[in-house]
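Comments concern the structure below.
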Amino acid sequence: MKVVENRMPRRKTNLDVRRLITASVIEVFSTMFSFQAKPVAKPPPHSTSRIAGCVGIAGSSIGGSVYIHLPEKLARAAAAELLEIEAEKLVDGAAVNDLVGELCNVITGTLKAALSRAGNHCASSPPTVIRGSAFAIETPLEVAKTSVAFVCRRQYFTVEVYLTNHDRSV
Amino acid sequence: MKPTSQPPVILSVDDSAMVRKMVARAFRPFDCVLLTAANGEEGLALAESENPDLILLDITMPVMDGITMLHRLRGEAATRKIPVIMLTAESSRDTVAHMAKLGVRDYVVKPFKEEELAGRVRRVIPLKKHDEAELRRPGTSEAARRGRKQRAP
C-alpha cells in the first residue's frame, strides 16, 4: 500500500509581518534601552544560552504566537540598563525574565494592532519565558512562520511570528 | 480635596517589574508619591485605600486585568472619578475605543519615552519638579525663595 501524505504548503499572510516586526524591534530597543538593533539577512545559528519570550495570540479568524530569542548576555545587558546597574552585578534572573517577557509583549502589541486594522481582532496571553541552549520552536506546516534576525551590540537575536489563519482572510 | 501643598499620589499598575521601574524613573525628577501594584486586584485595593490622584494602568495582567479593574473603579463611588491613563502594549482600535467609553483620560502605548509619559501625566494632574515644589512649600520665606531662584541655572 502506498501512502501519500498531503503536505499543504505554508500559508502566507497578506500582512507585511517582517516590516512590522523590524520597525517594532528597532523602536523598542531604542526607546527602552537606547540600544541600536539592526536587521540582518542571515544570522549565525543559535550557539549560546538564550532566553526566549513568548506571547500567544488568539482570535476568531487568526491565532498564533510571537517569540523573541535573545542571547542571555544581551538580555542581561538590557535589564541592567533599565535597572541602572552594571550587568555583572545583575544576579536577579527573574528581572531578566521579566524584561524578555515584556519585550515580547510590546512587540506582539504592534502586531495585534496591525491585525486589528486588517479586521483580525485577537487577544493576547501574558508572556512566558523559556531558558535553554538547545531548543527550537516547531509548528505544523499550515502555520505561517516569519523569522526576522537582528544584531545588537554584536550579538544576534531573532523574532519569530507564527500565524495560522482560520478563514484565510489574512 | 487634598491640600495643594501635598505632593500628588500616582498609582502604577503593571505586572512587569521592569515597566514599574521605568515609570519610577520617569517620575524621579518630580515631587510626587508613586505607589505600585502588580495586578488589577492589588491596584484596586490600593486605589480604594489610598485615593490616588492618578492611575497608570496596564491591560494584560494576571489575577485581574486592567479592563476589569477599570470597570470596578468606575463602579465604586469612592474611585469613580480617579483619572486613569492606560499604559499598555495594546493599541488596537477596538481596545482604544473601549477604553474611551470607560472614561480613560489618555492612552500611552509601550514602549514609551519617560519624558512623554511625564508630559502626558502633567496634562492631567499638576506635577512639579523637586526644586519647583521646594520653592512653593508653605513656611519657606520669601527671601529664601528669591535666593534659590537666583542660584538656579
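- With a 4.5 angstrom heavy-atom cutoff, A:Ala114 does not touch chain B via any of its atoms.
- Looking at A:Glu102 and B:Lys21, no side-chain N of the basic residue comes within less than 4.0 Å of a carboxylate O on the acidic one, giving no salt bridge.
- Hydrophobic clustering, with ILVMFWY side chains joined whenever heavy atoms are under 4.5 angstrom apart, groups A:Val106 together with B:Val23.
- The candidate from A:Ser30, A:Ser24, A:Ala79, A:Ala113 with the greatest count of non-hydrogen atom pairs under 4.5 Å with chain B is A:Ala113.
- Within 6.0 Å of CD on A:Glu138 lie no more than 12 heavy atoms contributed by other residues, nucleotides or ligands.
- Taking 4.5 Å as the heavy-atom cut-off, the residues of residues 106-116 of chain B that approach chain A are B:Lys110, B:Pro111, B:Phe112, B:Lys113, ordered by number.
- Put simply, CE on B:Met18 and CZ on A:Phe33 are 8.0 Å apart, with the number rounded to the nearest 0.5 Å.
- With a threshold of 4.5 angstrom between heavy atoms, A:Ser124 approaches chain B through its backbone and through its side chain.
- Residues satisfying the side-chain contact (heavy atoms from CB on, under 4.5 Å) criterion with A:Pro71, sequence neighbours excluded, are A:Thr48, A:Leu74, A:Gln155, A:Phe157.
- Following chains of ILVMFWY side-chain contacts shorter than 4.5 Å, one can reach A:Val66 starting from A:Val100, so the two form part of one hydrophobic cluster.
- The OG atom of B:Ser16 lies 7.5 Å from the CG atom of A:Leu99; values are rounded to the nearest 0.5 Å.
- Both A:Val28 and B:Leu117 belong to a common hydrophobic cluster when Ile, Leu, Val, Met, Phe, Trp and Tyr are linked at side-chain heavy-atom distances under 4.5 angstrom.
- At least one donor-acceptor pair closer than 3.5 Å links the side chain of B:Arg25 to the backbone N or O of A:Leu82.
- Both A:Ile107 and A:Leu163 belong to a single network of hydrophobic side chains, linked directly or stepwise wherever heavy atoms of I, L, V, M, F, W or Y lie under 4.5 Å apart.
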Which pairs would a plain distance check flag for residues 57-69 of chain B, meaning a side-chain donor or acceptor within less than 3.5 Å of a matching protein atom at least two apart in sequence or in another chain?
| unit_1 | atom_1 | unit_2 | atom_2 | d |
| --- | --- | --- | --- | --- |
| B:Asp58 | OD1 | B:Thr88 | OG1 | 3.4 |
| B:Asp65 | OD1 | B:Ile67 | N | 3.2 |
| B:Asp65 | OD1 | B:Thr68 | N | 2.7 |
| B:Asp65 | OD1 | B:Thr68 | OG1 | 2.8 |

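- Around CZ of B:Arg72, the count of heavy atoms belonging to other residues, nucleotides or ligands within 6.0 Å does not exceed 12.
- Of the two parts of A:Leu83, the backbone and the side chain both hold a non-hydrogen atom closer than 4.5 Å to a non-hydrogen atom of chain B.
- A distance of 7.5 Å separates CG of A:Asn105 from CG of B:Asp15, quoted to the nearest 0.5 Å.
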Please output the side-chain donor-acceptor pairs of residues 36-45 of chain B that fall under 3.5 Å, not counting sequence neighbours, one pair per line with the distance.
| unit_1 | atom_1 | unit_2 | atom_2 | d |
| --- | --- | --- | --- | --- |
| B:Asn39 | OD1 | B:Glu41 | N | 2.9 |
| B:Asn39 | OD1 | B:Glu42 | N | 2.9 |
| B:Glu42 | OE1 | B:Ala38 | N | 3.0 |

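- Clustering ILVMFWY residues whenever any of their side-chain heavy atoms sit less than 4.5 angstrom apart, transitively, puts A:Phe150 in the very cluster that holds A:Phe35.
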